[in-house]
Amino acid sequence: MAMRSFSQVRWYLSPCGFLPPPIQLGAGRLRGRGGAGAGRRRGRGVSPHYPFLRAVGGYRCYLSALTVFGDLQPQCLLRRASRFLSRPGTAGTESAALEPPPSSKSPPSPQSPLWAPNSPRRGKAGIVPNRPLGSFPGVPMSPPEHRSRLSPRTARPSPETREELQRRLRGLIENNRVMIFNKSYCPHGQRVKELFSSLGVAYNILELDQVDDGASIQEMLLEMTNQKTVPSVFVNKVHVGGCDRVFQAHQSGLLQKLLQENSAYDYDLIVIGGGSGGLSCAKEAANLGKKVMVLDYVIPSPRGTTWGLGGTCVNVGCIPKKLMHQAALLGQALRDSRKFGWEYSQKVKHNWETMVEAIQNHISSLNWGYRVSLREKGVTYVNSYGEFVEQHKIKATNRKGQDTFHTAAKFVIATGERPRYLGIQGDKEYCITSDDLFSLPYCPGKTLVVGASYVALECAGFLAGFGLDVTVMVRSILLRGFDREMAEKVGSYMEQHGVKFLRKFIPVMIQQLEKGLPGKLKVSAKSTEGSNMIEDVYNTVLLAIGRDTYVRKIGLEKIGVSISERSGKIPVNDVEQTNVPHIYAIGDILEGKPELTPVAIQAGKLLARRLFGGSLEKCDYINIPTTVFTPLEYGCCGLSEEAAIEVYKNENLEVFHSFFLPLEWTVARRESNTCYAKIICNKLDSDRVIGFHVLGPNAGEITQGFAAAMKCGLTKQLLDNTVGIHPTCAEVFTTLDITKSSGLDITQRGC
Amino acid sequence: AVMAAVALALRRRGMRFRWRIWASAGGVRGAAGGAAGQQDYDLLVIGGGSGGLACAKEAAQLGRKVAVVDYVEPSPRGTRWGLGGTCVNVGCIPKKLMHYAALLGHMIQDAHHYGWEVGQPILHDWEKMAEAVQNHVKSLNWGHRVQLQDRKVKYFNIKASFVNQHTVRGITKGGKEMLLSAEHIVIATGGRPKYPTHIEGALEYGITSDDIFWLKKSPGKTLVVGASYVALECAGFLTGIGLDITVMMRSIPLRGFDQQMSSLVTEHMESHGTRFLRGCIPSRIRKLPDGQLQVTWEDGISGKEDMGTFDTVLWAIGRVPETRCLNLEKAGVNINPKNQKIVVDSQEATSIPHIYAIGDVAEGRPELTPTAIMAGRLLAQRLFGQSSDLMDYDNVPTTVFTPLEYGCVGLSEEEAVARHGQEHVEVYHAYYKPLEFTVAERDASQCYIKMVCLREPPQLVLGLHFLGPNAGEVTQGFALGIKCGASYAQVMRTVGIHPTCSEEVVKLRISKRSGLDPTVTGCG
């Protein structure tokens with residue numbers, strides 16, 4: 001990279017305001033390290049993330065140096081610029097000194113709709129949607145004589161508001177090649193606009209006098225750039241300065257260089273983890289014309305199972321489990337079919353190997369499909385283990401242990417989770433998890449499933465469906481987090497269909513009695529309520545006690561990304577951003593977000609659009625529907641009854657419920673009063689449906705549409721007014737008329 | 001004629017007047033124990049189908065004295081059935097069960113891909129299926145009788161016809177006559193399959209959907225004439241249980257439904273073994289000495305006459321409302337002479353204010369069980385329950401249970417374009433592959449979803465069309481969404497349920513206008 005001289009950039013008094021001189025000390029320090037790359041400074045300062053910004057004074061000097069001193073590599077400059085831009089909000093003392101006297105006005109709302117600079121409405125000149133002048137009550141327009149001065153008007157906003165504001169500013173600066181903060185009447189701003197127009201360069205402009213929180217923005221800009229005045233111009237994330245600086249940069253050729261400089265990094269985005277979320281984010285970013293890399297690497301399970309691109313869902317999650325569930329349903333269908341007149345030899349056997357081979361073939365085709373689609377979209381895929389080594393640099397280690405290094409402006413962590421082990425004697429040696437089950441080359445035989453998560457119940461369900469002897473060992477409750485009544489109904493249906501439940505026991509030791517495929521394992525378990533011990537022999541022990549992230553081994557500590565101590569998950573804000581601003585996280589590793597493929601896909605896609613597409617749409621984690629594919633499927637959307645009571649109080653709720661009998665079950669002579677429908681309505685909000693629960697065949701297919709309706713504000717009245725589709729299971733929701741509180745009988749009556 | 005009209009008008013005014021007096025007297029009577037005063041009943045329902053029974057039960061629930069008369073005129077082939085009407089006996093219920101039997105056949109074929117070792121040969125026994133289905137239907141007949149009894153609704157198995165505006169004459173199977181009078185009368189007699197009038201042997205040798213579900217023996221090689229949903233559903237399940245089936249259609253399939261979807265439905269059936277004879281009209285049926293039926297038809301395209309032999313000929317060319325034997329003119333109830341349906345207003349009232357018509361017999365109503373049920377219930381609530389809620393016939397969802405099910409709600413693409421103009425309609429669509437099809441190596445070329453929206457933001461959803469497994473279950477919830485005024489954006493903001501077919505609806509990204517390939521690949 002050629003060295004670039006900034007020496008021509010002179011120090012000027014801007015006509016629109018005064019710029020203080022740079023503080024030589026700080027500048028000198030920076031200069032001393034010029035060209036050395038930003039990453040090295042890790043770990044030196046007080047702040048874990050921005051150690052080089054030891055004091056706000058140093059920070060300021062750094063800023064000044066950025067525009068004045070000439071021996072810095074532009075790459076380095078850009079790095080620093082973007083770091084500085086992403087500096088977390090500080091209530092620095094000196095900026096407080098610049099503060100105007102407080103007024104009674106409340107801080108501008110962070111949710112101000114004015115912030116839509118990247119909305120599709122933006123034309124070439126990037127007009128920011130404006131409100132009528134002076135529309136914000138209590139904020140007088142600045143008098144003409146003080147026009148371009150920062151007018152002291154606003155009270156100091158809350159730290160949250162400031163952070164929000166700062167994030168928006170950063171977003172504007174990072175997402176626009178040229179970003180101009182201006183006031184519409186400033187003649188200098190006009191000159192800058194004309195300059196960029198004459199260069200044929202698209203720019204975005206925010207006229208501070210035409211937005212409600214213009215004053216706050218100007219304060220924030222002052223804090224960020226040490227420039228008090230407008231116009232304040234950023235080119236490719238670098239703060240160039242005011243009007244005169246821009247013209248000088250233009251004369252010196254710096255401006256052109258800055259404009260040409262697309263990115264100092266190898267990639268615009270590196271995604272770590274090629275699962276549903278990571279891939280969707282990567283592909284969307286590539287669709288938006290960005291240079292994207294995906295790193296994916298599967299650490300073999302303790303039993304040695306490994307798989308291809310696509311993550312949990314495709315390889316060891318939704319896809320194989322739904323297919324095995326389908327296989328089990330087909331077993332049920334075979335039994336039913338005789339009642340519907342089908343005749344064939346009585347002997348029906350299930351062949352595990354045939355099924356696994358068919359399923360694995362399908363998965364391989366999906367792995368391949370993902371690789372092809374990445375290639376088609378121009379995303380670089382590397383089958384290597386990614387680990388941060390610097391803020392913007394990652395080390396990728398392949399299977400042979402060879403390292404390569406890659407840099408990117410932004411990173412998305414989407415490494416997902418892996419099954420948890422018990423930490424008892426024999427668990428890693430002899431037990432399998434869902435990571436191993438779907439590609440198990442032999443039939444698992446008599447199986448103990450440990451856990452009562454949905455993974456546990458789904459696996460136990462289909463294994464029993466193949467005619468295997470299956471026991472589920474449950475420590476406390478079934479399907480934690482789901483509606484209790486529904487969870488118990490799921491369990492009791494399984495119990496009626498041959499799954500044994502051992503409640504309130506936990507395994508303490510697994511011993512191998514016999515080797516083989518499968519072998520024989522002795523499981524010792526103790527009661528959670530006493531000293532009672534039991535032992536039994538199984539061919540296979542499947543652990544499904546939960547899942548953990550493995551984010552502690554990807555170098556996050558080196559770049560200061562915080563990880564929740566308790567859960568090992570990564571906390572993010574409402575735009576999936578970690579505490580380190582250029583690092584984002586999506587999917588199962590997020591703290592407090594649903595662990596579902598479509599959620600990760602949606603979050604990844606929307607994140608890419610926000611980062612690179614000028615979108616502002618956030619991922620909505622409310623009312624996410626899901627389905628548990630137990631033998632009798634359980635679909636739900638919204639709140640469980642318990643959660644609803646907690647949030648809205650029992651007296652404000654009305655719960656409608658009913659058993660229903662699928663028509664097909666009649667002739668098949670399956671049990672009645674098993675399938676169950678329940679909705680929870682908020683009486684205080686015109687009986688709005690806040691919880692939807694269905695237990696029955698095809699629950700997933702049923703729930704989806706109702707989830708869409710809940711997005712549109714579904715009420716009980718609308719359910720009642722909707723005509724059913726006859727004869728289906730879903731129509732039961734259009735005729736729910738018995739409330740739980742009435743205590744009336746809901747067992748099935750006629751047609 | 002003028003005199004008659006004046007007389008009628010006078011009579012009607014008089015009736016209305018009298019009705020008001022009764023209504024006010026009703027409160028007193030109610031207190032006295034529910035006797036119906038001058039009339040035998042508060043409400044008389046003619047026709048014990050879904051709509052009629054729902055209306056009767058609701059009225060009884062509201063404390064009224066109610067009677068239901070129901071009588072099944074045997075089909076030309078002598079088939080008859082019990083209480084419950086078309087849906088229960090010769091409609092939705094048996095057809096969905098037989099459809100499911102056919103689906104099970106597909107599942108047995110799928111099963112070996114999923115590791116199930118099923119011994120060959122696999123055969124289907126019609127008699128066993130029919131018996132199971134019929135037994136279920138009979139249990140439902142019984143259930144309806146019990147429900148009426150429980151709610152103290154008087155049930156008469158008599159054939160009814162009007163004597164005057166408040167009186168109905170009933171004739172029992174044995175020929176006994178009786179008179180019933182009521183303040184309010186609801187006509188819910190439904191419809192019956194149509195027979196062609198000028199085709200030799202049609203009535204003599206052909207059967208209809210009234211008979212197919214009650215056949216003791218397998219229909220064998222069957223010619224289904226017609227392209228209504230009844231025709232396609234029957235042809236679909238008959239093919240599915242292994243029979244040799246031919247559908248003869250005059251023009252388009254599923255008239256009134258979205259035509260792109262309809263042609264995908266028939267395309268799928270064709271690829272699964274149903275033969276289609278398009279543009280053909282049967283001209284005569286003769287019985288051969290071996291008992292087979294020889295059908296002659298005219299091929300409208302080549303203009304030639306063609307011939308084939310079948311074991312069964314099933315007419316599914318439409319349905320006619322059951323209004324002819326009601327003596328409606330005695331009561332002054334108007335019908336549309338073109339289609340014989342009873343003309344009704346938004347309150348379901350006929351030309352005589354205290355006589356109502358609901359269900360398939362009423363003009364301009366969708367011929368669907370749940371609409372009849374809801375209309376009947378709402379009518380009873382308006383009559384006796386101080387409600388004024390009208391039945392909303394817009395955006396009624398429905399599903400055609402062809403081998404690949406077709407669920408829809410709202411406008412077809414043609415209708416949307418006709419109403420709003422091509423320029424204002426945006427259609428999002430996708431070809432998708434159900435996960436279960438992959439391992440089973442099933443062809444998914446016709447699994448297709450289409451959402452018809454207004455083009456202007458927020459792109460209100462006008463119609464949803466879903467072709468694939470479990471279409472009924474998928475469509476129901478989205479019907480609610482459309483009822484809630486869902487926009488395209490709202491549907492897109494809904495997170496999918498993975499892996500299902502219905503999640504494809506919330507992932508529809510490709511507009512027809514864009515010309516992009518709408519084939520869904522992978523999970524993204």
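Protein chains get the first letters and strands the later ones, always in sequence-line order, with residue 1 at the start of each. Every heavy atom of this structure was used, including side-chain atoms; hydrogens, water molecules and symmetry mates were not.
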A/His726 side chain reached by B/Cys87 side chain, heavy atoms, under 4.5 Å: yes
Is it the case that the side chain of B/Gln476 and the backbone of A/Val723 share a donor-acceptor pair, with hydrogens and angles ignored and the cut-off at 3.5 Å? yes
Short N-O contact, B/Glu117 and A/Lys347, less than 4.0 angstrom: no
If we ignore hydrogens and angles and just use 3.5 Å, is the side chain of B/Trp116 paired with the main-chain N or O of A/Ala327 as donor and acceptor? yes
Which of the residues B/Met374, B/Lys95, B/Arg377, B/Glu441 is involved in the greatest number of heavy-atom pairs with chain A at under 4.5 angstrom? B/Met374
Mind ranking B/Gly91, B/Pro397, B/Pro121, B/Gly481 by heavy-atom pairs under 4.5 Å with chain A and telling me who comes out on top? B/Pro397
Examine distances only and state if a side-chain atom of B/Lys128 and a backbone atom of A/Arg338 form a donor-acceptor pair shorter than 3.5 Å. yes
What verdict does the side-chain contact (heavy atoms from CB on, under 4.5 Å) test give for B/Asp389 and A/Asn721, after you've listed the backbone C-alpha separation in whole Å, the side-chain angles of each residue and the deciding distance to 0.1 Å? CA-CA 10 Å; B/Asp389 290 352; A/Asn721 290 348; 5.6 Å; no
Heavy atoms only, distances under 4.5 angstrom: which of A/Phe706, A/Phe733, A/Phe692, A/Phe466 has the most pairs with chain B? Name it, please. A/Phe706
Looking at A/Phe340, is its backbone amide N or carbonyl O close enough to the side chain of B/His124 to form a donor-acceptor pair, meaning the two atoms are under 3.5 Å apart? yes
Using a 3.5 Å distance criterion without hydrogens, assess whether the side chain of A/Gln704 forms a donor-acceptor pair with backbone atoms of B/Val474. no
Does A/Ile702 offer a backbone N or O that forms a donor-acceptor pair with the side chain of B/Glu473 under 3.5 Å? no
At what distance, to the nearest 0.5 angstrom, does CE of B/Met107 lie from CH2 of A/Trp342? 11.0 Å
Checking the side chain of B/Lys483 only, and the main-chain atoms of A/Thr722 only, is there a donor and an acceptor separated by less than 3.5 Å? no
Toward chain A, the part of B/His112 with a non-hydrogen atom under 4.5 Å: backbone
Check for a donor-acceptor pair, side chain of B/Lys96 on one end and backbone N or O of A/Pro727 on the other, with a separation under 3.5 Å. yes
Tell me, out of A/Ala707, A/Ala358, A/Cys729, who's got the most heavy-atom pairs with chain B below 4.5 Å. A/Cys729
Where on A/Lys349 is there a heavy atom nearer than 4.5 Å to chain B: the side chain, the backbone, both, or neither? both
Spell out, as yes or no, whether a donor-acceptor pair under 3.5 Å connects the side chain of A/Glu343 to the backbone of B/Leu123. no
Interchain contact, A/Ser373 with chain B, by part (heavy-atom threshold 4.5 Å): neither
Please rank A/Thr728, A/Ile725, A/Asn351 by heavy-atom pairs under 4.5 Å with chain B and give me the top one. A/Ile725
Would you indicate whether the side-chain heavy atoms of A/Leu330 and B/Glu436 approach each other to under 4.5 Å? no
Which bit of B/Phe401 comes within less than 4.5 Å of chain A, counting heavy atoms only: side chain, backbone, both or neither? side chain
